[in-house]
Chemist: 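Sharing a structure with you now.
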2 protein chains.
Amino acid sequence: MSKSIFTSEYAVFRDSLRELRTEKGLTQSQLSETLGMPQSFVSKYEIGERRLDMIEVRAICQSLGTPLSVFVKKLETSISASKKGART
Amino acid sequence: MSKSIFTSEYAVFRDSLRELRTEKGLTQSQLSETLGMPQSFVSKYEIGERRLDMIEVRAICQSLGTPLSVFVKKLETSISASKKGART
DNA sequence: CGCATATATCCTATTTTGGGTTATCCTAAG
DNA sequence: CTTAGGATAACCCAAAATAGGATATATGCG
């Protein structure tokens with residue numbers, strides 16, 4: 001188990017979260033408000049400066065109108081795709 | 001978004017992870033070894049003394065032979081169930 | 001009881017986080 | 001080009017969380 005947050009998995013994860021937000025047409029500030037957190041919080045986790053646990057991701061997904069299970073499924077697909085693309 | 005890890009969601013999450021391990025008949029030490037982490041790591045996250053991010057949970061699920069998406073789906077079901085049961 | 005196995009707890013140096021504030025970066029308008 | 005406004009990133013640092021080896025506790029067995 002990697003201890004670094006600079007692996008492709010983490011990169012894909014962050015991109016997925018940001019994509020979900022922008023798809024909904026929300027700014028970091030707008031999302032942060034529905035979450036009851038400061039804008040810097042959203043910025044930090046999208047950049048990878050702050051880790052999110054499963055329950056937090058679930059809350060974010062809910063704020064963005066997507067069930068956690070749906071998000072995770074897409075995430076798995078994206079991670080697989082990113083691995084396929086990687087040269088060995 | 002709650003900042004506490006002492007909500008029913010977190011409790012259900014922890015129980016689910018422990019259940020997944022015991023179902024596979026593994027001890028904390030055995031799992032920790034496949035993860036390349038100390039036994040105290042497994043103990044801590046099962047107790048809630050240590051948070052796990054999505055990618056870490058994914059690695060644990062893989063070590064336990066269960067896709068993350070499957071785990072998450074069960075988790076959602078369990079959380080819903082725990083909410084249904086809660087008195088208002 | 002004595003030993004073995006599983007899990008929890010200790011300890012503290014190191015790492016991460018919180019969040020208001022400020023800086024940077026775009027984009028569009030004048 | 002200059003100014004304005006909005007979105008996002010970076011600052012700062014006290015406070016909180018983590019790492020992991022060592023140790024304690026708990027449980028089961030002969």
Side-chain angles (χ1 to χ4, degrees), chain A residues 1-66 68 71 75 78, chain B residues 1-66 68 71 75 78:
Chain A
M1 161 176 276
S2 167
K3 287 154 193 168
S4 164
I5 63 171
F6 299 109
T7 64
S8 64
E9 279 93 342
Y10 280 103
V12 171
F13 172 67
R14 291 193 289 267
D15 290 348
S16 298
L17 269 185
R18 191 189 293 253
E19 211 174 286
L20 186 59
R21 174 177 62 81
T22 55
E23 273 176 6
K24 304 293 179 177
L26 291 185
T27 66
Q28 292 185 348
S29 291
Q30 292 173 321
L31 172 57
S32 72
E33 199 161 340
T34 79
L35 291 171
M37 302 289 255
Q39 171 265 330
S40 56
F41 170 79
V42 176
S43 173
K44 282 181 180 178
Y45 78 63
E46 287 191 355
I47 287 174
E49 202 170 305
R50 206 271 203 194
R51 292 185 185 222
L52 292 175
D53 66 37
M54 180 84 73
I55 307 301
E56 289 174 328
V57 173
R58 181 166 178 273
I60 291 168
C61 285
Q62 285 188 325
S63 285
L64 292 171
T66 299
L68 179 63
F71 175 76
L75 178 65
S78 300
Chain B
M1 161 179 273
S2 166
K3 287 154 192 167
S4 166
I5 62 171
F6 298 110
T7 64
S8 63
E9 279 94 342
Y10 280 103
V12 170
F13 172 67
R14 292 193 288 267
D15 289 349
S16 298
L17 269 184
R18 191 188 291 253
E19 210 174 286
L20 186 59
R21 174 178 62 81
T22 55
E23 274 176 7
K24 305 292 178 176
L26 291 185
T27 65
Q28 293 185 347
S29 291
Q30 291 173 320
L31 172 57
S32 72
E33 200 162 339
T34 79
L35 290 172
M37 302 290 255
Q39 171 266 328
S40 56
F41 170 79
V42 176
S43 173
K44 283 179 179 178
Y45 79 61
E46 286 192 355
I47 287 174
E49 204 169 304
R50 207 284 202 180
R51 291 185 184 222
L52 292 175
D53 66 38
M54 182 83 72
I55 306 302
E56 289 173 328
V57 173
R58 181 165 177 272
I60 291 168
C61 284
Q62 284 187 326
S63 285
L64 292 171
T66 299
L68 179 63
F71 175 76
L75 178 64
S78 299

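Labels below follow one simple rule: chain letters A, B, ... track the order of the sequence lines, proteins then strands, and each chain is numbered from 1.
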Chemist: Does a side-chain N or O from B:R50 land closer than 4.0 Å to OP1 or OP2 of D:dA17, or not?
Modeler: no
Chemist: Quickly work out the B:I5 CD1 to D:dT18 C1' distance and round it to whole Å.
Modeler: 12 Å
Chemist: Using a strict heavy-atom distance below 4.0 Å, which residues from residues 52-66 of chain B are in contact with DNA chain D?
Modeler: none
Chemist: Can you find a side chain N or O atom of A:K3 that sits less than 4.0 Å from OP1 or OP2 on C:dT14?
Modeler: no
Chemist: What salt bridge (charged side-chain N to carboxylate O under 4.0 Å, His left out) pairs are there with at least one residue in residues 25-38 of chain B, not counting sequence neighbours?
Modeler: none
Chemist: Which residues pass the side-chain contact (heavy atoms from CB on, under 4.5 Å) test with B:E23, sequence neighbours left out?
Modeler: B:E19, B:L20
Chemist: Would you mind writing out the side-chain donor-acceptor pairs for residues 57-65 of chain A within the sub-3.5 Å range, not counting sequence neighbours?
Modeler:
residue : atom : partner : partner atom : Å
A:R58   : NE   : B:E76   : OE1          : 3.0
A:S63   : OG   : A:T34   : OG1          : 3.3
A:S63   : OG   : A:A59   : O            : 3.4

Chemist: Can you identify which nucleotide, out of C:dT17, D:dG21, C:dG20, has its nearest atom closest to the B:P38 side chain?
Modeler: D:dG21
Chemist: To the nearest 0.5 Å, how far apart are CD1 in A:I55 and CG in B:L75?
Modeler: 5.5 Å
Chemist: For the OG atom of A:S32 and the CZ atom of A:R21, what is their distance to the nearest 0.5 Å?
Modeler: 9.5 Å
Chemist: Hey, could you give me each pair passing ring pair (Phe, Tyr, Trp, His ring centres under 6.0 Å) that has a residue in residues 13-37 of chain A? Not counting sequence neighbours.
Modeler: none
Chemist: For B:F41 and D:dA17, give me the distance from atom CZ to atom C1', rounded to whole Å.
Modeler: 14 Å
Chemist: CZ of A:R51 versus C1' of D:dA16: gap in Å, rounded?
Modeler: 16 Å
Chemist: Looking at residues at least two apart in the chain, or sitting in another chain, which of them share a side-chain contact (heavy atoms from CB on, under 4.5 Å) with B:S43?
Modeler: B:Q28, B:Q39, B:I47
Chemist: Using a cut-off of under 3.5 Å, enumerate the N/O to N/O pairs linking the protein to nucleotides 8-15 of chain D.
Modeler:
residue : atom : partner : partner atom : Å
D:dT8   : OP1  : A:R21   : NH1          : 3.1
D:dT8   : OP1  : A:R21   : NH2          : 3.4
D:dT8   : OP2  : A:Q28   : N            : 2.6
D:dA9   : OP1  : A:R18   : NH1          : 3.3
D:dA9   : OP1  : A:R18   : NH2          : 3.0
D:dA9   : OP2  : A:Q28   : NE2          : 2.8
D:dA9   : OP2  : A:S43   : OG           : 3.0
D:dA9   : N7   : A:Q39   : NE2          : 3.2
D:dA9   : N6   : A:Q39   : OE1          : 3.2

Chemist: Would you list the pairs meeting salt bridge (charged side-chain N to carboxylate O under 4.0 Å, His left out) in which at least one residue belongs to residues 48-57 of chain A, sequence neighbours left out?
Modeler: A:R50-A:E56, A:R51-B:D53, A:R51-B:E56, A:D53-B:R51, A:E56-B:R51
Chemist: Once salt bridge (charged side-chain N to carboxylate O under 4.0 Å, His left out) is applied, do any residues pair with B:R18, and if so which ones, sequence neighbours excluded?
Modeler: B:E46
Chemist: List the residues meeting ring pair (Phe, Tyr, Trp, His ring centres under 6.0 Å) with A:F41, not counting sequence neighbours, and say none if there are none.
Modeler: A:Y45
Chemist: Mind checking ring pair (Phe, Tyr, Trp, His ring centres under 6.0 Å) for B:F71 and listing every partner two or more places apart, or none if nothing turns up?
Modeler: none
Chemist: Please give the angle, rounded to 10 degrees, between the axes at the start and the end of the helix from C:dC1-D:dG30 to C:dG30-D:dC1, where five pairs define each axis.
Modeler: 30°
Chemist: Can you measure A:L35 atom CG to C:dG18 atom C1' for me and round it to whole angstrom units?
Modeler: 15 Å
